[in-house]
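Structure, as structure tokens:
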Amino acid sequence: MTPRQSAGELVVEVAVAAPVWRPLSYRVPPELAPLVRTLARLSVPLRGRPRLAFALGPPRPAQTTRGLKDVLDVLDDPDAPTLVPPELLGFFSRAAAYYHVPLGQALAWALPAGLARGGGQSPAPSREELVAVVAPRAGDPGRLPRTETQAAALLRHLQRTGPQALPELRRRWPRASLLVRRL
């Protein structure tokens, strides 16, 4: 067997968010196989550049993967539900046929702005995932807040504890977002 033809290789059919009317097959690298599920957003190579695609089902074993390109990345968090629920696949298939558009484009148009781009772009972090990392500017002590202010107390806290999530900081400083921006 060649390196591209080993036992146990998996492939997945995808709908690419491009003017491609039929599903395409891609080889699933072993490290990505557990992350691929129905309607998960994937990054796949198409015409020399990464494109957004949607898995049309879970990976399946293949006799051969000769000539298939690899899935580049899985863009969805494996612990979170997919952005488009898998039970809506039939609905989007009918909608794509009705409006005469490829399925991948119909699925991409259903996503919120910014999430319908491929090439490995992930969704924007939620407010809970934002982390405040604040450090004083070197050589400019005049730019530090006055010592008796909430901003100074917040800065001392961050220097002592390290990066903190904004929701954690808000428990102690209700105006943490504003203070962090000022710092």
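- Distance check, rounded to the nearest 0.5 Å: CG of L68 to CG of L10 gives 12.0 Å.
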Identify each donor-acceptor pair in which a side-chain atom of residues 78-97 lies under 3.5 Å from a protein atom, sequence neighbours left out, and give them as a table.
{"unit_1": "T82", "atom_1": "OG1", "unit_2": "V84", "atom_2": "O", "d": "2.8"}
{"unit_1": "S93", "atom_1": "OG", "unit_2": "L89", "atom_2": "O", "d": "3.0"}
{"unit_1": "R94", "atom_1": "NH1", "unit_2": "G90", "atom_2": "O", "d": "3.3"}

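- Put simply, the side chain of Y26 reaches to within 4.5 Å of the side chain of L46, judged on heavy atoms.
- By the 4.5 Å heavy-atom criterion applied to side chains, L103 and L56 are counted as neighbours.
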Point to revise | V28 and D70: CA distance, side-chain angles, deciding distance, side chain to side chain contact (heavy atoms under 4.5 Å, CB included) verdict | key: CA-CA 6 Å; V28 181; D70 287 351; over 6 Å; no
Check your understanding: Between R41 and L111, does a side chain to side chain contact (heavy atoms under 4.5 Å, CB included) hold up when you go through it step by step?
Key -> CA-CA 11 Å; R41 290 178 311 135; L111 297 178; 3.8 Å; yes
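- Atom CZ of R37 sits about 10.5 Å away from atom CG of L42, to the nearest 0.5 Å.
- To the nearest 0.5 Å, the span separating NZ on K69 from CG on L24 amounts to 10.5 Å.
- Side-chain atoms of Q105 and L52, non-hydrogen and from C-beta on, never get closer than 4.5 Å to each other.
- Considering every non-hydrogen atom in both A55 and V12, the closest pair reads CB-CG2, 3.9 Å.
- Taking CG from L75 and CZ from F54, the interatomic distance works out to 9.0 Å, rounded to the nearest 0.5 Å.
- The environment of R160 atom CZ is dense: over 12 non-hydrogen atoms of other residues, nucleotides or ligands sit within 6.0 angstrom.
- Using a 4.5 Å cut-off on side-chain heavy atoms (C-beta onward), V11 and T65 make contact.
- Just one residue in the list V74, D73, D77 forms a side-chain contact (heavy atoms from CB on, under 4.5 Å) with L35, and that residue is V74.
- Within the 4.5 Å cutoff, the side chain of P58 has no heavy atoms near those of the V36 side chain.
- With sequence neighbours excluded, the residues satisfying side-chain contact (heavy atoms from CB on, under 4.5 Å) with L72 are S43, P45, P50.
- Nearest approach of S25 to R60, heavy atoms of both residues: OG-NH2, 4.3 Å.
- Between the R27 side chain and the E9 main chain, no donor and acceptor come within less than 3.5 Å of each other.
- Residue A106 comes nearest to V101 through the heavy atom pair CB-CG2, 4.0 Å, listed as atom of the first residue, atom of the second, then distance.
- Partners of R172 under the side-chain hydrogen bond (donor to acceptor under 3.5 Å, both in side chains) rule, at least two apart in sequence or in another chain, are H157.
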